[in-house]
Protein chains: 2
Amino acid sequence: MAGWTDLDEPVLASATALAAELADPIRLTTLQLLAAEGPHTMSRLVAALEVSAPRLGNHLARLRAAGLVDVEHAGRHAIYRIARPGLADVLAALSRYAGDALPTARPGREVTPDDIAHTCYDHAAGRLGVALLGHLVERGALTAPDGRGEELRLGPDAEALVALGVDPGEVDASRRKPATACLDRIHRLPHLGGALGARVLDRLVEQGLLVREEGTRVLVVTAAGWRDLPRMVPGFSPRA
Amino acid sequence: MAGWTDLDEPVLASATALAAELADPIRLTTLQLLAAEGPHTMSRLVAALEVSAPRLGNHLARLRAAGLVDVEHAGRHAIYRIARPGLADVLAALSRYAGDALPTARPGREVTPDDIAHTCYDHAAGRLGVALLGHLVERGALTAPDGRGEELRLGPDAEALVALGVDPGEVDASRRKPATACLDRIHRLPHLGGALGARVLDRLVEQGLLVREEGTRVLVVTAAGWRDLPRMVPGFSPRA
DNA sequence: GACATCGTTCAGGCAACTTTGAACGGTGGT
DNA sequence: ACCACCGTTCAAAGTTGCCTGAACGATGTC
(Lines give C-alpha, C1' and ligand atoms only; values in the text may rest on other atoms or scores of the structure.)
Protein backbone atom coordinates (compact mmCIF):
# COMPACT_ATOMS: atom_id res chain seq x y z
CA MET A 1 0.00 0.00 0.00
CA ALA A 2 1.37 3.35 -1.02
CA GLY A 3 2.24 5.73 1.79
CA TRP A 4 0.96 9.22 2.37
CA THR A 5 3.84 10.84 0.54
CA ASP A 6 4.16 8.36 -2.29
CA LEU A 7 3.91 10.02 -5.66
CA ASP A 8 1.90 7.05 -6.87
CA GLU A 9 -1.01 8.80 -5.20
CA PRO A 10 -2.50 10.53 -8.24
CA VAL A 11 -3.95 13.57 -6.52
CA LEU A 12 -0.75 14.19 -4.56
CA ALA A 13 1.38 13.94 -7.68
CA SER A 14 -0.98 16.25 -9.52
CA ALA A 15 -1.05 18.76 -6.67
CA THR A 16 2.72 18.95 -6.23
CA ALA A 17 3.19 19.22 -9.99
CA LEU A 18 0.71 22.07 -10.08
CA ALA A 19 2.43 23.84 -7.18
CA ALA A 20 5.77 23.48 -8.94
CA GLU A 21 4.36 25.21 -12.00
CA LEU A 22 3.11 28.07 -9.82
CA ALA A 23 6.47 28.43 -8.07
CA ASP A 24 8.09 30.53 -10.76
CA PRO A 25 7.39 34.27 -11.11
CA ILE A 26 7.11 34.17 -14.88
CA ARG A 27 4.82 31.17 -15.00
CA LEU A 28 2.67 32.43 -12.14
CA THR A 29 2.28 35.88 -13.62
CA THR A 30 1.46 34.38 -17.01
CA LEU A 31 -1.30 32.28 -15.51
CA GLN A 32 -2.61 35.20 -13.47
CA LEU A 33 -2.77 37.38 -16.57
CA LEU A 34 -4.51 34.71 -18.64
CA ALA A 35 -6.97 33.90 -15.85
CA ALA A 36 -7.86 37.52 -15.15
CA GLU A 37 -7.81 39.07 -18.60
CA GLY A 38 -8.42 36.16 -20.92
CA PRO A 39 -6.39 34.80 -23.85
CA HIS A 40 -3.18 36.51 -24.92
CA THR A 41 -0.86 35.95 -27.85
CA MET A 42 2.66 35.07 -26.95
CA SER A 43 3.98 38.38 -28.26
CA ARG A 44 1.56 40.24 -26.01
CA LEU A 45 2.82 38.24 -23.07
CA VAL A 46 6.42 38.93 -24.04
CA ALA A 47 5.66 42.65 -24.12
CA ALA A 48 3.70 42.64 -20.89
CA LEU A 49 6.18 40.61 -18.89
CA GLU A 50 9.26 42.22 -20.44
CA VAL A 51 11.14 38.96 -20.87
CA SER A 52 12.89 37.40 -23.84
CA ALA A 53 10.87 35.23 -26.19
CA PRO A 54 12.85 32.01 -25.65
CA ARG A 55 12.66 32.47 -21.92
CA LEU A 56 8.91 32.81 -21.96
CA GLY A 57 8.67 30.09 -24.58
CA ASN A 58 10.38 27.59 -22.33
CA HIS A 59 7.95 28.37 -19.54
CA LEU A 60 4.97 28.15 -21.85
CA ALA A 61 6.20 24.76 -23.02
CA ARG A 62 6.23 23.62 -19.41
CA LEU A 63 2.75 24.98 -18.79
CA ARG A 64 1.52 23.21 -21.90
CA ALA A 65 3.11 19.93 -20.85
CA ALA A 66 1.50 20.29 -17.43
CA GLY A 67 -1.88 20.79 -19.08
CA LEU A 68 -2.46 24.18 -17.50
CA VAL A 69 -2.74 26.19 -20.73
CA ASP A 70 -4.05 25.53 -24.22
CA VAL A 71 -2.62 26.96 -27.43
CA GLU A 72 -4.43 27.83 -30.59
CA HIS A 73 -2.47 28.86 -33.64
CA ALA A 74 -3.92 31.65 -35.77
CA GLY A 75 -1.62 32.48 -38.61
CA ARG A 76 1.76 33.15 -37.14
CA HIS A 77 0.31 34.02 -33.79
CA ALA A 78 -0.05 31.62 -30.89
CA ILE A 79 -2.99 32.34 -28.65
CA TYR A 80 -2.63 31.01 -25.13
CA ARG A 81 -5.44 30.50 -22.67
CA ILE A 82 -6.14 28.80 -19.37
CA ALA A 83 -6.97 25.14 -19.94
CA ARG A 84 -9.45 24.71 -17.08
CA PRO A 85 -11.50 27.52 -15.54
CA GLY A 86 -11.00 26.07 -12.06
CA LEU A 87 -7.43 27.27 -12.04
CA ALA A 88 -8.63 30.78 -11.23
CA ASP A 89 -9.74 29.56 -7.80
CA VAL A 90 -6.28 28.22 -7.04
CA LEU A 91 -4.62 31.44 -8.19
CA ALA A 92 -7.02 33.54 -6.14
CA ALA A 93 -6.47 31.48 -2.99
CA LEU A 94 -2.72 31.70 -3.45
CA SER A 95 -2.72 35.46 -3.97
CA ARG A 96 -5.06 36.06 -1.08
CA TYR A 97 -2.92 34.08 1.34
CA ALA A 98 0.24 35.69 0.02
CA GLY A 99 -1.24 39.15 0.49
CA ASP A 100 -2.60 38.44 3.94
CA ALA A 101 0.62 36.80 5.12
CA LEU A 102 2.78 39.75 4.12
CA PRO A 103 2.16 42.05 7.10
CA THR A 104 2.93 39.12 9.38
CA ALA A 105 6.06 38.08 7.52
CA ARG A 106 7.52 41.58 7.40
CA PRO A 107 6.74 43.30 10.67
CA GLY A 108 7.95 46.65 9.37
CA ARG A 109 5.49 46.59 6.54
CA GLU A 110 2.41 48.71 6.91
CA VAL A 111 -0.69 48.85 4.79
CA THR A 112 -0.29 51.93 2.58
CA PRO A 113 -3.09 54.03 1.10
CA ASP A 114 -1.83 52.79 -2.26
CA ASP A 115 -2.60 49.21 -1.25
CA ILE A 116 -6.11 50.15 -0.30
CA ALA A 117 -7.17 52.10 -3.36
CA HIS A 118 -5.53 53.76 -6.33
CA THR A 119 -6.52 54.52 -9.89
CA CYS A 120 -5.68 52.21 -12.78
CA TYR A 121 -6.33 54.49 -15.77
CA ASP A 122 -9.87 55.62 -14.99
CA HIS A 123 -11.05 52.93 -12.59
CA ALA A 124 -10.23 51.82 -9.07
CA ALA A 125 -7.57 49.25 -8.28
CA GLY A 126 -6.10 48.06 -5.01
CA ARG A 127 -8.10 46.24 -2.35
CA LEU A 128 -11.16 48.29 -3.17
CA GLY A 129 -11.09 47.41 -6.88
CA VAL A 130 -10.59 43.73 -6.11
CA ALA A 131 -13.38 43.65 -3.56
CA LEU A 132 -15.69 45.50 -5.96
CA LEU A 133 -15.30 42.90 -8.68
CA GLY A 134 -15.72 40.01 -6.24
CA HIS A 135 -18.82 41.57 -4.74
CA LEU A 136 -20.51 42.30 -8.08
CA VAL A 137 -19.78 38.80 -9.38
CA GLU A 138 -21.05 37.18 -6.21
CA ARG A 139 -24.25 39.20 -6.32
CA GLY A 140 -24.91 38.31 -9.94
CA ALA A 141 -24.43 41.80 -11.33
CA LEU A 142 -21.54 40.45 -13.39
CA THR A 143 -20.69 37.01 -14.72
CA ALA A 144 -17.17 35.88 -13.95
CA PRO A 145 -14.68 35.44 -16.75
CA ASP A 146 -13.34 31.90 -17.08
CA GLY A 147 -9.92 32.87 -18.36
CA ARG A 148 -10.54 30.91 -21.54
CA GLY A 149 -12.20 33.53 -23.69
CA GLU A 150 -15.47 33.99 -21.91
CA GLU A 151 -15.26 37.59 -20.87
CA LEU A 152 -16.65 39.52 -17.96
CA ARG A 153 -20.24 40.40 -18.78
CA LEU A 154 -23.17 42.14 -17.20
CA GLY A 155 -25.13 39.61 -15.19
CA PRO A 156 -28.81 39.02 -14.56
CA ASP A 157 -29.16 40.86 -11.27
CA ALA A 158 -28.23 44.55 -11.47
CA GLU A 159 -29.40 45.34 -7.96
CA ALA A 160 -25.89 45.44 -6.53
CA LEU A 161 -24.93 48.02 -9.15
CA VAL A 162 -27.91 50.19 -8.35
CA ALA A 163 -26.93 50.04 -4.69
CA LEU A 164 -23.61 51.59 -5.67
CA GLY A 165 -25.45 54.43 -7.38
CA VAL A 166 -24.86 53.19 -10.92
CA ASP A 167 -27.60 52.74 -13.47
CA PRO A 168 -26.46 49.87 -15.71
CA GLY A 169 -28.27 51.44 -18.65
CA GLU A 170 -26.25 54.62 -18.49
CA VAL A 171 -22.90 52.88 -18.91
CA ASP A 172 -21.47 53.90 -22.24
CA ALA A 173 -20.61 50.61 -23.90
CA SER A 174 -20.48 51.97 -27.41
CA ARG A 175 -16.81 52.84 -27.56
CA ARG A 176 -15.29 50.38 -25.12
CA LYS A 177 -16.09 47.16 -23.38
CA PRO A 178 -18.67 47.62 -20.64
CA ALA A 179 -16.66 45.67 -18.11
CA THR A 180 -13.26 44.05 -18.09
CA ALA A 181 -11.29 42.17 -15.48
CA CYS A 182 -7.87 43.71 -15.04
CA LEU A 183 -5.07 42.05 -13.10
CA ASP A 184 -4.14 44.11 -10.07
CA ARG A 185 -0.43 44.66 -10.03
CA ILE A 186 -0.12 44.75 -6.27
CA HIS A 187 -2.59 42.16 -5.05
CA ARG A 188 -2.41 39.85 -8.07
CA LEU A 189 -6.16 39.52 -8.20
CA PRO A 190 -8.56 40.76 -10.88
CA HIS A 191 -10.26 44.10 -10.37
CA LEU A 192 -13.09 45.85 -12.17
CA GLY A 193 -12.19 47.89 -15.26
CA GLY A 194 -13.84 49.03 -18.46
CA ALA A 195 -16.62 51.59 -18.85
CA LEU A 196 -18.43 50.17 -15.84
CA GLY A 197 -15.35 50.38 -13.65
CA ALA A 198 -14.90 54.01 -14.63
CA ARG A 199 -18.55 54.80 -13.93
CA VAL A 200 -18.44 53.16 -10.51
CA LEU A 201 -15.34 55.12 -9.54
CA ASP A 202 -16.93 58.39 -10.67
CA ARG A 203 -20.01 57.68 -8.58
CA LEU A 204 -18.00 56.83 -5.47
CA VAL A 205 -16.06 60.08 -5.83
CA GLU A 206 -19.29 62.04 -6.41
CA GLN A 207 -20.71 60.55 -3.24
CA GLY A 208 -17.71 61.79 -1.28
CA LEU A 209 -16.49 58.32 -0.35
CA LEU A 210 -13.20 58.70 -2.21
CA VAL A 211 -10.98 61.64 -3.11
CA ARG A 212 -8.47 61.61 -5.96
CA GLU A 213 -5.10 62.75 -4.59
CA GLU A 214 -3.53 65.43 -6.77
CA GLY A 215 -0.47 64.38 -8.73
CA THR A 216 -0.55 60.74 -7.66
CA ARG A 217 -2.76 57.79 -8.40
CA VAL A 218 -3.77 57.33 -4.80
CA LEU A 219 -7.45 57.26 -3.95
CA VAL A 220 -7.98 58.48 -0.42
CA VAL A 221 -10.86 56.89 1.44
CA THR A 222 -12.72 59.61 3.29
CA ALA A 223 -14.26 59.28 6.74
CA ALA A 224 -17.61 58.78 5.04
CA GLY A 225 -15.98 56.14 2.86
CA TRP A 226 -14.68 54.18 5.83
CA ARG A 227 -18.15 54.40 7.31
CA ASP A 228 -20.12 53.31 4.24
CA LEU A 229 -17.85 51.36 1.90
CA PRO A 230 -17.45 48.22 4.04
CA ARG A 231 -21.23 47.95 4.05
CA MET A 232 -21.65 48.76 0.35
CA VAL A 233 -18.84 46.44 -0.74
CA PRO A 234 -18.67 43.38 1.49
CA GLY A 235 -15.13 42.11 1.37
CA PHE A 236 -13.69 45.59 1.59
CA SER A 237 -12.87 45.88 5.26
CA PRO A 238 -10.46 48.10 7.14
CA ARG A 239 -8.73 45.02 8.66
CA ALA A 240 -5.76 46.78 10.24
CA MET B 1 9.24 50.73 -11.93
CA ALA B 2 9.34 47.06 -11.21
CA GLY B 3 7.94 44.79 -13.91
CA TRP B 4 5.16 42.24 -13.61
CA THR B 5 7.56 39.42 -12.93
CA ASP B 6 9.98 41.25 -10.68
CA LEU B 7 10.40 39.55 -7.33
CA ASP B 8 10.48 42.98 -5.72
CA GLU B 9 6.70 42.77 -5.94
CA PRO B 10 5.95 41.57 -2.42
CA VAL B 11 2.81 39.58 -3.14
CA LEU B 12 4.39 37.86 -6.14
CA ALA B 13 7.47 36.91 -4.13
CA SER B 14 5.29 35.64 -1.32
CA ALA B 15 3.05 33.66 -3.67
CA THR B 16 5.88 31.95 -5.54
CA ALA B 17 7.64 31.17 -2.27
CA LEU B 18 4.44 29.62 -0.95
CA ALA B 19 3.96 27.56 -4.11
CA ALA B 20 7.54 26.33 -3.85
CA GLU B 21 6.85 25.08 -0.34
CA LEU B 22 3.78 23.22 -1.58
CA ALA B 23 5.69 21.65 -4.47
CA ASP B 24 7.19 18.81 -2.44
CA PRO B 25 5.18 15.72 -1.51
CA ILE B 26 6.47 15.57 2.05
CA ARG B 27 5.89 19.24 2.77
CA LEU B 28 2.49 19.27 1.10
CA THR B 29 1.29 16.18 2.93
CA THR B 30 2.59 17.58 6.21
CA LEU B 31 0.63 20.77 5.74
CA GLN B 32 -2.47 18.87 4.65
CA LEU B 33 -2.31 16.69 7.75
CA LEU B 34 -1.80 19.65 10.07
CA ALA B 35 -4.55 21.67 8.42
CA ALA B 36 -7.08 18.85 8.45
CA GLU B 37 -6.36 17.12 11.73
CA GLY B 38 -4.71 19.80 13.84
CA PRO B 39 -1.33 19.88 15.59
CA HIS B 40 0.99 16.88 15.45
CA THR B 41 4.28 16.13 17.18
CA MET B 42 7.19 15.53 14.90
CA SER B 43 7.38 11.87 15.87
CA ARG B 44 3.74 11.42 14.93
CA LEU B 45 4.47 12.98 11.57
CA VAL B 46 7.49 10.74 11.09
CA ALA B 47 5.34 7.70 11.80
CA ALA B 48 2.46 8.82 9.61
CA LEU B 49 4.59 9.81 6.62
CA GLU B 50 7.03 6.91 6.97
CA VAL B 51 10.11 9.02 6.35
CA SER B 52 13.36 9.44 8.25
CA ALA B 53 13.54 12.03 11.00
CA PRO B 54 16.30 14.16 9.44
CA ARG B 55 14.50 14.17 6.14
CA LEU B 56 11.30 15.43 7.68
CA GLY B 57 13.28 17.76 9.93
CA ASN B 58 14.86 19.51 6.98
CA HIS B 59 11.44 20.05 5.42
CA LEU B 60 9.98 21.29 8.69
CA ALA B 61 12.87 23.74 8.98
CA ARG B 62 11.95 25.09 5.56
CA LEU B 63 8.30 25.37 6.48
CA ARG B 64 9.26 27.21 9.66
CA ALA B 65 11.54 29.60 7.77
CA ALA B 66 8.71 30.25 5.32
CA GLY B 67 6.38 31.07 8.19
CA LEU B 68 3.88 28.39 7.27
CA VAL B 69 4.07 26.41 10.53
CA ASP B 70 4.65 27.23 14.18
CA VAL B 71 6.47 25.03 16.69
CA GLU B 72 5.87 24.71 20.37
CA HIS B 73 8.23 22.66 22.48
CA ALA B 74 6.68 20.56 25.24
CA GLY B 75 9.28 18.54 27.04
CA ARG B 76 11.19 16.62 24.47
CA HIS B 77 8.37 16.81 21.97
CA ALA B 78 7.97 19.41 19.25
CA ILE B 79 4.38 20.23 18.42
CA TYR B 80 3.84 21.60 14.94
CA ARG B 81 0.81 23.47 13.77
CA ILE B 82 -0.34 25.60 10.86
CA ALA B 83 0.75 29.22 11.36
CA ARG B 84 -2.23 30.90 9.70
CA PRO B 85 -5.69 29.36 9.33
CA GLY B 86 -6.03 30.79 5.82
CA LEU B 87 -3.63 28.19 4.51
CA ALA B 88 -6.42 25.61 4.56
CA ASP B 89 -8.15 27.50 1.74
CA VAL B 90 -5.05 27.31 -0.43
CA LEU B 91 -4.61 23.60 0.26
CA ALA B 92 -8.27 22.91 -0.47
CA ALA B 93 -8.17 24.82 -3.76
CA LEU B 94 -5.02 22.99 -4.79
CA SER B 95 -6.41 19.54 -3.97
CA ARG B 96 -9.71 20.26 -5.65
CA TYR B 97 -8.07 21.36 -8.87
CA ALA B 98 -5.65 18.45 -8.78
CA GLY B 99 -8.51 16.01 -8.30
CA ASP B 100 -10.67 17.55 -11.00
CA ALA B 101 -7.80 17.77 -13.48
CA LEU B 102 -6.90 14.10 -13.15
CA PRO B 103 -9.55 12.58 -15.42
CA THR B 104 -8.56 15.10 -18.07
CA ALA B 105 -4.86 14.53 -17.70
CA ARG B 106 -5.11 10.75 -17.84
CA PRO B 107 -7.73 9.81 -20.38
CA GLY B 108 -7.65 6.17 -19.33
CA ARG B 109 -8.53 7.02 -15.80
CA GLU B 110 -12.10 6.46 -14.73
CA VAL B 111 -13.87 7.44 -11.56
CA THR B 112 -13.99 4.30 -9.42
CA PRO B 113 -16.58 3.46 -6.76
CA ASP B 114 -13.71 3.74 -4.28
CA ASP B 115 -13.19 7.38 -5.23
CA ILE B 116 -16.84 8.11 -4.65
CA ALA B 117 -17.34 6.53 -1.24
CA HIS B 118 -15.55 4.05 0.99
CA THR B 119 -15.28 3.48 4.69
CA CYS B 120 -12.48 4.92 6.80
CA TYR B 121 -12.81 2.88 10.00
CA ASP B 122 -16.50 3.46 10.77
CA HIS B 123 -17.24 6.60 8.81
CA ALA B 124 -17.49 7.56 5.15
CA ALA B 125 -14.52 8.81 3.16
CA GLY B 126 -14.10 9.56 -0.53
CA ARG B 127 -15.98 12.27 -2.35
CA LEU B 128 -19.04 11.67 -0.22
CA GLY B 129 -17.16 12.11 3.07
CA VAL B 130 -15.47 15.26 1.84
CA ALA B 131 -18.72 16.74 0.57
CA LEU B 132 -20.44 15.86 3.85
CA LEU B 133 -17.95 17.79 5.95
CA GLY B 134 -18.02 20.78 3.61
CA HIS B 135 -21.80 20.84 3.60
CA LEU B 136 -22.18 20.61 7.38
CA VAL B 137 -19.59 23.31 7.96
CA GLU B 138 -21.17 25.61 5.41
CA ARG B 139 -24.60 25.14 6.94
CA GLY B 140 -23.36 25.91 10.44
CA ALA B 141 -23.90 22.42 11.84
CA LEU B 142 -20.17 22.22 12.47
CA THR B 143 -17.49 24.84 13.03
CA ALA B 144 -14.44 24.43 10.82
CA PRO B 145 -11.13 23.50 12.39
CA ASP B 146 -8.41 26.08 11.84
CA GLY B 147 -5.53 23.65 11.77
CA ARG B 148 -3.96 25.39 14.74
CA GLY B 149 -5.58 23.54 17.59
CA GLU B 150 -9.15 24.70 17.27
CA GLU B 151 -10.93 21.44 16.58
CA LEU B 152 -14.00 20.55 14.66
CA ARG B 153 -16.98 21.21 16.89
CA LEU B 154 -20.73 21.04 16.73
CA GLY B 155 -22.01 24.36 15.44
CA PRO B 156 -25.02 26.51 16.25
CA ASP B 157 -27.37 25.30 13.53
CA ALA B 158 -28.12 21.57 13.68
CA GLU B 159 -30.78 21.69 10.99
CA ALA B 160 -28.52 20.21 8.34
CA LEU B 161 -27.83 17.25 10.60
CA VAL B 162 -31.51 16.66 11.23
CA ALA B 163 -32.07 16.70 7.48
CA LEU B 164 -29.64 13.80 7.23
CA GLY B 165 -31.68 11.88 9.77
CA VAL B 166 -29.29 12.41 12.67
CA ASP B 167 -30.35 13.76 16.03
CA PRO B 168 -27.31 15.65 17.37
CA GLY B 169 -28.33 14.75 20.91
CA GLU B 170 -28.08 11.05 20.28
CA VAL B 171 -24.44 11.14 19.20
CA ASP B 172 -22.41 9.30 21.80
CA ALA B 173 -19.67 11.75 22.69
CA SER B 174 -18.77 10.13 25.99
CA ARG B 175 -16.10 7.77 24.76
CA ARG B 176 -14.72 9.58 21.72
CA LYS B 177 -14.67 12.98 20.12
CA PRO B 178 -18.04 13.90 18.67
CA ALA B 179 -16.56 15.01 15.36
CA THR B 180 -13.11 15.01 13.86
CA ALA B 181 -11.72 16.10 10.53
CA CYS B 182 -9.76 13.29 8.93
CA LEU B 183 -7.52 13.77 5.90
CA ASP B 184 -8.83 11.81 2.95
CA ARG B 185 -6.03 9.73 1.51
CA ILE B 186 -7.29 9.88 -2.05
CA HIS B 187 -8.71 13.35 -2.42
CA ARG B 188 -6.40 15.07 0.07
CA LEU B 189 -9.27 16.97 1.62
CA PRO B 190 -10.70 16.64 5.13
CA HIS B 191 -13.72 14.40 5.63
CA LEU B 192 -16.05 13.86 8.55
CA GLY B 193 -14.97 11.36 11.22
CA GLY B 194 -15.58 10.77 14.91
CA ALA B 195 -18.77 9.60 16.57
CA LEU B 196 -20.83 11.93 14.41
CA GLY B 197 -19.24 10.63 11.21
CA ALA B 198 -20.05 7.08 12.27
CA ARG B 199 -23.63 7.99 13.13
CA VAL B 200 -24.20 9.74 9.80
CA LEU B 201 -22.88 6.74 7.88
CA ASP B 202 -25.12 4.37 9.84
CA ARG B 203 -28.16 6.50 9.06
CA LEU B 204 -27.36 6.73 5.35
CA VAL B 205 -27.03 2.93 5.23
CA GLU B 206 -30.27 2.49 7.21
CA GLN B 207 -32.03 4.72 4.72
CA GLY B 208 -30.87 2.51 1.86
CA LEU B 209 -28.78 5.18 0.21
CA LEU B 210 -25.52 3.29 0.67
CA VAL B 211 -24.61 -0.39 0.92
CA ARG B 212 -21.42 -1.70 2.52
CA GLU B 213 -19.72 -4.04 0.08
CA GLU B 214 -18.73 -7.31 1.70
CA GLY B 215 -15.01 -7.86 2.20
CA THR B 216 -13.94 -4.45 0.90
CA ARG B 217 -14.20 -0.93 2.18
CA VAL B 218 -16.23 0.24 -0.78
CA LEU B 219 -19.54 1.94 -0.12
CA VAL B 220 -21.87 1.40 -3.03
CA VAL B 221 -24.27 4.23 -3.76
CA THR B 222 -27.67 2.73 -4.49
CA ALA B 223 -30.13 4.01 -7.07
CA ALA B 224 -31.99 5.73 -4.26
CA GLY B 225 -28.68 7.20 -3.13
CA TRP B 226 -27.95 8.68 -6.54
CA ARG B 227 -31.43 10.12 -6.53
CA ASP B 228 -31.39 11.65 -3.05
CA LEU B 229 -27.79 12.24 -1.96
CA PRO B 230 -26.95 15.08 -4.38
CA ARG B 231 -29.94 16.94 -2.93
CA MET B 232 -29.17 16.05 0.69
CA VAL B 233 -25.47 16.83 0.39
CA PRO B 234 -24.88 19.72 -2.02
CA GLY B 235 -21.42 19.33 -3.41
CA PHE B 236 -21.81 15.60 -3.86
CA SER B 237 -22.69 15.36 -7.53
CA PRO B 238 -22.42 12.50 -9.99
CA ARG B 239 -20.30 14.64 -12.36
CA ALA B 240 -19.15 12.05 -14.83
C1' DG C 1 10.86 35.57 -54.30
C1' DA C 2 13.13 38.14 -50.59
C1' DC C 3 12.44 39.66 -46.16
C1' DA C 4 10.87 40.56 -41.41
C1' DT C 5 8.18 38.68 -37.83
C1' DC C 6 6.56 35.14 -34.80
C1' DG C 7 7.07 31.11 -32.16
C1' DT C 8 9.72 27.12 -30.81
C1' DT C 9 13.52 24.12 -29.76
C1' DC C 10 18.06 22.86 -28.33
C1' DA C 11 22.62 22.48 -25.70
C1' DG C 12 25.68 24.58 -22.51
C1' DG C 13 26.69 26.42 -18.02
C1' DC C 14 25.19 27.83 -13.69
C1' DA C 15 22.50 27.77 -9.41
C1' DA C 16 19.27 25.63 -6.22
C1' DC C 17 17.26 21.86 -4.08
C1' DT C 18 16.92 17.09 -1.93
C1' DT C 19 18.68 13.20 0.30
C1' DT C 20 21.70 10.79 3.26
C1' DG C 21 24.52 9.68 7.16
C1' DA C 22 26.67 11.18 11.10
C1' DA C 23 26.88 13.99 14.89
C1' DC C 24 25.07 17.01 18.56
C1' DG C 25 22.15 19.13 22.66
C1' DG C 26 18.04 18.43 25.45
C1' DT C 27 14.60 15.80 27.97
C1' DG C 28 12.62 12.10 30.74
C1' DG C 29 12.97 7.54 32.89
C1' DT C 30 15.43 4.11 35.83
C1' DA D 1 24.40 9.22 36.92
C1' DC D 2 23.34 6.63 33.17
C1' DC D 3 20.66 5.58 29.24
C1' DA D 4 17.01 5.85 25.68
C1' DC D 5 14.65 8.91 23.10
C1' DC D 6 13.38 13.12 20.58
C1' DG D 7 14.50 16.74 17.60
C1' DT D 8 17.80 19.37 15.04
C1' DT D 9 21.83 20.63 12.35
C1' DC D 10 25.57 19.93 9.18
C1' DA D 11 28.40 18.72 4.88
C1' DA D 12 28.85 15.89 0.78
C1' DA D 13 26.75 13.92 -3.21
C1' DG D 14 23.46 13.56 -6.69
C1' DT D 15 19.67 15.53 -9.02
C1' DT D 16 16.86 18.95 -10.89
C1' DG D 17 15.59 23.32 -12.74
C1' DC D 18 16.68 27.89 -15.02
C1' DC D 19 18.78 31.27 -18.20
C1' DT D 20 21.39 32.46 -22.29
C1' DG D 21 22.38 32.46 -27.11
C1' DA D 22 21.94 30.46 -31.42
C1' DA D 23 19.40 28.14 -34.69
C1' DC D 24 15.18 26.58 -37.15
C1' DG D 25 10.36 26.21 -39.42
C1' DA D 26 6.32 28.76 -40.45
C1' DT D 27 3.72 32.75 -41.67
C1' DG D 28 2.57 37.17 -43.73
C1' DT D 29 4.39 41.40 -46.28
C1' DC D 30 6.67 44.02 -49.88
Exercise. What do the steps show when you test B:Thr143 against B:Leu152 for side-chain contact (heavy atoms from CB on, under 4.5 Å), and what is the final call?
Worked result: CA-CA 6 Å; B:Thr143 62; B:Leu152 193 66; 5.7 Å; no
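Per the geometry, CE belonging to A:Met42 stands 14 Å off C1' belonging to D:dA26, to the nearest Å. Going from atom CG of A:Leu45 over to atom C1' of C:dC6 covers 13 Å, rounded to whole Å. If you take CG of A:Asn58 and P of D:dT16, they are 18 Å apart, rounded to a whole angstrom. Regarding B:Glu21, its CD atom lies at a distance of 11 Å from the C1' atom of C:dC17, rounded to whole Å. For B:Arg76 and C:dG29, the CZ to P distance is 7 Å, given to the nearest whole Å. With rounding to whole Å, B:Leu63 atom CG is found 14 Å from C:dC17 atom P. Following rounding to the nearest Å, B:Leu7 (CG) and D:dC18 (P) show an atom-to-atom distance of 13 Å. The CZ atom of A:Arg44 sits 16 Å away from the C1' atom of C:dC6 (whole-angstrom rounding).
Few gaps surround CD on A:Glu72; more than 12 heavy atoms of other groups in view lie less than 6.0 Å from it. Few gaps surround CD on A:Glu213; more than 12 heavy atoms of other groups in view lie less than 6.0 Å from it.
A close approach under 4.0 Å does occur between a side-chain nitrogen or oxygen of B:Arg64 and OP1 or OP2 of D:dT9. Considering only side-chain N and O atoms, B:His77 lies under 4.0 angstrom from the phosphate OP1 or OP2 of D:dG7. For C:dT19, neither phosphate oxygen OP1 nor OP2 lies less than 4.0 angstrom from any side-chain nitrogen or oxygen of B:Ser52. Contact annotation: B:Tyr80 side-chain N/O to D:dC6 OP1/OP2 distance is not under 4.0 Å. OP1 or OP2 of D:dC18 sits under 4.0 Å from a side-chain N or O of A:Arg62. An OP1 or OP2 oxygen of D:dC19 is reached within less than 4.0 angstrom by a side-chain nitrogen or oxygen of A:Arg55. Contact check, A:Arg27 against D:dC18: a side-chain N or O comes under 4.0 Å of OP1 or OP2. One finds a side-chain N or O of A:His59 lying less than 4.0 angstrom from the OP1 or OP2 phosphate oxygen of D:dC19.
The side chain of A:Pro54 approaches C:dT9 more closely than any other nucleotide in the set C:dT9, C:dT20, D:dG7. Between C:dT9, D:dG7, C:dT19, one nucleotide has an atom nearer to the side chain of B:Asp24 than all others, and that is C:dT19.
Using a cutoff of 4.0 Å between basic side-chain nitrogens and carboxylate oxygens, B:Asp202 and B:Arg212 are scored as salt-bridged. Look at A:Arg176 and A:Asp122 and you find a salt bridge, because one of the NZ, NE, NH1 or NH2 atoms lies within 4.0 Å of a carboxylate O, short of that distance.
Between A:Gly75 and B:Val46, the residue anchored closer to the 5' end of DNA chain D is B:Val46, taking for each the nucleotide with the nearest heavy atom.
Residue A:Ala53 is classed as a base contact, given a heavy-atom separation below 4.0 Å to a base.
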